[in-house]
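As the structure is a prediction and not an experimental result, all values here were calculated from the model.
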Amino acid sequence: MTDELKTLGEWLGDDHDLFLLTEFIARNLKRSENADRLIGLAGKRQKELRTAALDSGARIYSEAPKQFCRRIGKRWKNWRGK
């Protein structure tokens with residue numbers, strides 16, 4: 001689960017970075033074919049990242065909080081030998 005959470009965080013971070021990049025380009029660079037293409041590519045990648053993040057988040061957070069806490073509590077007790 002920790003690996004999935006780490007990956008989810010990376011996807012969300014990458015999406016945010018692309019958002020900031022496209023905002024910077026739109027505000028600071030003159031419109032050009034290259035700028036428009038870069039913004040388009042960033043938007044396409046953002047859609048991919050968001051889809052993956054939503055799918056992963058749905059799996060990670062599908063369990064009700066109470067059930068999750070019970071499951072983790074049992075694992076903790078087993079690990080501690082109680």
Item to check | Set of salt bridge (Lys or Arg N to Asp or Glu O under 4.0 Å) partners for D36, sequence neighbours left out | outcome: R31
Next on the checklist: If hydrophobic clusters are built from ILVMFWY residues whose side chains come within less than 4.5 Å, do M1 and Y61 share one?
Outcome noted: yes
Checklist entry - Is it true that L21 and I39 fall in one hydrophobic cluster, defined by side-chain heavy atoms closer than 4.5 Å? => result yes
Checklist outcome for this item: OG1 (T22) and CZ (R27) are apart, to the nearest 0.5 Å, by 9.5 Å
Checklist entry - By salt bridge (Lys or Arg N to Asp or Glu O under 4.0 Å), which residues pair with R37, not counting sequence neighbours? => result none
Residues 3-14, side-chain donor-acceptor partners within the protein, below 3.5 Å, at least two apart:
{"residue": "E4", "atom": "OE2", "partner": "R59", "partner atom": "NE", "Å": "3.4"}
{"residue": "E4", "atom": "OE2", "partner": "R59", "partner atom": "NH2", "Å": "3.4"}
{"residue": "T7", "atom": "OG1", "partner": "D3", "partner atom": "O", "Å": "3.0"}

Checklist entry - With sequence neighbours left out, what residues match R50 under side chain to side chain donor-acceptor pair (under 3.5 Å)? => result D15
Checklist entry - At what distance, to the nearest 0.5 angstrom, does NZ of K74 lie from CZ of R71? => result 10.5 Å
Next on the checklist: Can you list everything that forms a salt bridge (Lys or Arg N to Asp or Glu O under 4.0 Å) with E48? Sequence neighbours excluded, please.
Outcome noted: R45
Next on the checklist: So, using side-chain contact (heavy atoms from CB on, under 4.5 Å) as the criterion, who are the partners of A35 when residues are at least two apart?
Outcome noted: I25, S32
